[in-house]
There are 2 protein chains.
Amino acid sequence: MHELIHKNILKYIDANDEEFLFFTSKLEKLHLKKKEKLIVAGENCKHLAFVNSGCLRAFISDEQGTEHIIQFAVENYWISDLYGFLTGNPAIYTIEAIENTDVLKISRDSLEDVFRRYPKFERFFRLLIERSHVNLQQRIISSLSDSAEKKYLNLFEKQAFLISRIPQKYLASYLGITAESLSRIKKKMFKKE
Amino acid sequence: MHELIHKNILKYIDANDEEFLFFTSKLEKLHLKKKEKLIVAGENCKHLAFVNSGCLRAFISDEQGTEHIIQFAVENYWISDLYGFLTGNPAIYTIEAIENTDVLKISRDSLEDVFRRYPKFERFFRLLIERSHVNLQQRIISSLSDSAEKKYLNLFEKQAFLISRIPQKYLASYLGITAESLSRIKKKMFKKE
DNA sequence: CAAAAAAATTGATGTAGGTTAAATAATTCA
DNA sequence: TGAATTATTTAACCTACATCAATTTTTTTG
């Protein structure tokens, strides 16, 4: 049950069994059915979540009610409204299950307990935030300089596993284009090959 | 000479004179003439910089050689290639002076010294990263959902001090539009009023 | 200060991707 | 399973913004 998260943590830090057991003792299991929400924008985001199986999307809705997807998380990914989680302010994102999903979540307080007992976990968390920061940076750069087609190609090259798994309309929203445009881009790409 | 940075730090944490003096002892002064660079993409980014006077821009150049501005920093702002600074990897951004600029910079190692001696400075740094994270988020959301005109209006409302100070072509680059488009947007806006 | 360089404006024209609407195709669920 | 819902595709048309090119304004610098 904690195999995946164990391997995940080991990618960041060198934790022994005792340390890891203390960490897992703080985890809460949660099952989300498709369309159920892990976090709702405007509410308090107390948890950081690890996806054990399934898939989530983090999105915001603008004034016209259009949803913009910021991030997907499949198995072995961490997700949260990092802003709300860190500051205690209301969450900016809503995080919703695209498939039936099992997550392990840990509260801010529990994470602090872990940090206090085993400071090496601070490093794990710092790396998590850094990686999130870099991802945001890459998205901005891509949104400023790439065409819709290029963005889709990038997705193909760097996150192909998302393409086969996630509904097109969500991929389109993630790329910042309409579902119709994405459909045309695909058609054009396959004609070429 | 350290007044501005002192006030800045006090906004984040409650440091006394002794603590602050230790911090300032680690700072290095640096003067940049207009167009000189603080950090060059691809090089090692060892420092975090505080702008005492003047103005900087952080940008990346895409494959076509087009520059995309990610961030401006005027007096009382912190700036760095946070990714390179945190990870030790080559910097993603180039940071260049738009005006003659005085900065105070601190190295990663010195900052670690400060953290070790006075852990309350960790909080200051964490808040800095959080704020940067939120800024990146806002930019993505705006780039996904706002028209060029809306983006300019947002700039007007939230960072008017930039508009009067920064050359239009840089503002345009920051907004992700061409200088020509920005010129037309301004014309249209002033006709309305 | 005047010449040169850089930045901003303006107009004409092009185009990527949006919008609307209708037709299929795939999923859901009773 | 089969009706109903939801997603995807396709086509016709539209628009926001880009590109190109010429002019004017501002800034830089010898």
Side-chain angles (χ1 to χ4, degrees), chain A residues 32-36 54-55 57 59 62-69 72 96-101 142-156 162-192, chain B residues 32-36 54-55 57 59 62-69 72 96-101 142-156 162-192:
Chain A
L32 291 167
K33 289 210 192 94
K34 192 168 174 170
K35 303 247 166 133
E36 281 185 338
C55 180
R57 67 186 179 109
F59 66 92
D62 65 24
E63 291 123 43
Q64 292 90 254
T66 313
E67 292 178 357
H68 301 281
I69 295 180
F72 296 111
E96 187 186 277
I98 295 181
E99 309 169 359
N100 293 339
T101 300
S142 158
S143 84
L144 288 172
S145 52
D146 296 344
S147 67
E149 193 172 346
K150 181 81 188 297
K151 284 177 198 165
Y152 185 65
L153 263 155
N154 281 343
L155 198 66
F156 229 106
L162 291 178
I163 289 184
S164 52
R165 180 163 182 178
I166 290 178
Q168 306 291 347
K169 62 166 185 167
Y170 291 147
L171 291 177
S173 165
Y174 179 73
L175 297 175
I177 60 178
T178 59
E180 292 91 334
S181 289
L182 181 50
S183 177
R184 283 181 206 111
I185 287 167
K186 278 169 58 191
K187 197 179 169 190
K188 197 173 147 202
M189 274 179 61
F190 285 114
K191 221 191 295 181
K192 277 189 192 156
Chain B
L32 292 167
K33 288 209 195 94
K34 193 169 172 167
K35 302 245 164 135
E36 281 184 339
C55 180
R57 67 185 179 111
F59 64 93
D62 65 25
E63 291 123 44
Q64 292 91 254
T66 312
E67 292 178 355
H68 302 280
I69 296 181
F72 296 111
E96 188 187 274
I98 294 181
E99 309 169 358
N100 293 340
T101 301
S142 159
S143 84
L144 288 173
S145 51
D146 296 344
S147 67
E149 194 174 345
K150 181 80 189 298
K151 283 178 199 165
Y152 185 64
L153 263 155
N154 280 344
L155 199 66
F156 229 105
L162 291 178
I163 288 183
S164 52
R165 179 164 183 177
I166 290 178
Q168 306 290 348
K169 62 166 185 168
Y170 291 147
L171 290 178
S173 164
Y174 179 73
L175 297 175
I177 60 179
T178 59
E180 291 93 332
S181 289
L182 181 49
S183 175
R184 285 185 196 107
I185 286 168
K186 277 170 58 192
K187 198 182 169 189
K188 198 174 145 202
M189 274 179 61
F190 284 114
K191 221 190 296 180
K192 277 189 192 159

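Bear in mind that the values here come from a model prediction, so they are computed numbers and not experimental data. Per chain, numbering begins at 1; letters A, B, ... match sequence-line order.
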Q. Mind checking what makes ring-ring contact (aromatic ring centres under 6.0 Å, His included) contact with Y152(A), not counting sequence neighbours?
A. F156(A)
Q) By side-chain contact (heavy atoms from CB on, under 4.5 Å), which residues pair with S147(B), not counting sequence neighbours? A) E149(B), K150(B)
**Q.** Residues forming a side-chain contact (heavy atoms from CB on, under 4.5 Å) with D62(A), sequence neighbours excluded
**A.** Q64(A), T66(A), H68(A), S145(B)
Under the side chain to side chain donor-acceptor pair (under 3.5 Å) rule, collect the residues that match up with [X], sequence neighbours excluded.
X: T178(B); answer: S181(B)
X: E180(A); answer: none
X: N154(B); answer: D146(B)

Q: Using a 4.5 Å cut-off on heavy atoms from C-beta on, say whether the side chain of K151(B) contacts that of L155(B).
A: no
Any protein N or O atoms within reach of nucleotides 24-30 of chain D? Criterion: under 3.5 Å, listing atom names and distances.
residue: dT28(D); atom: OP1; partner: K34(B); partner atom: NZ; Å: 2.5

Q. Measuring from I185(B):CD1 to M189(B):CE, what's the distance to the nearest 0.5 Å?
A. 9.0 Å
Q.
Working to the nearest 0.5 angstrom, can you tell me the gap between T101(A) OG1 and K33(A) NZ?
A. 12.5 Å
Give me the distances for all protein-to-nucleotides 9-12 of chain D N/O pairs that come in under 3.5 Å?
residue: dT9(D); atom: OP1; partner: K186(A); partner atom: NZ; Å: 3.0
residue: dT9(D); atom: OP2; partner: S183(A); partner atom: OG; Å: 3.2
residue: dT9(D); atom: O5'; partner: S183(A); partner atom: OG; Å: 3.2
residue: dA11(D); atom: OP2; partner: K187(A); partner atom: NZ; Å: 3.4
residue: dA11(D); atom: N6; partner: R184(A); partner atom: NH2; Å: 3.1
residue: dA12(D); atom: N6; partner: R184(A); partner atom: NH2; Å: 3.2

Q | First-last contacting nucleotides on DNA chain C - partner chain A, under 4.0 angstrom, heavy atom | A | dG17(C) to dT28(C)
Q. Counting N and O atoms only, with roles assigned by atom type, does the side chain of N100(A) sit under 3.5 Å from a partner on the main chain of K34(A), one being a donor and the other an acceptor?
A. yes
Please tabulate, for the side chains in residues 166-173 of chain B, all donor-acceptor contacts under 3.5 angstrom to protein atoms that are two or more places apart in sequence or on a different chain.
residue: S173(B); atom: OG; partner: E67(B); partner atom: O; Å: 3.2
residue: S173(B); atom: OG; partner: I69(B); partner atom: N; Å: 2.9

Q) Taking for each residue the nucleotide of DNA chain D with the nearest heavy atom, is it K169(A) or A148(B) whose nucleotide lies nearer the 5' end? A) K169(A)
Q.
At 10 degrees resolution, what angle do the end axes of the helix from dC1(C)-dG30(D) to dA30(C)-dT1(D) form when each is taken over five base pairs?
A. 60°
(Q) Just to verify, what does E99(A) make a salt bridge (Lys or Arg N to Asp or Glu O under 4.0 Å) with, not counting sequence neighbours? (A) R165(A)
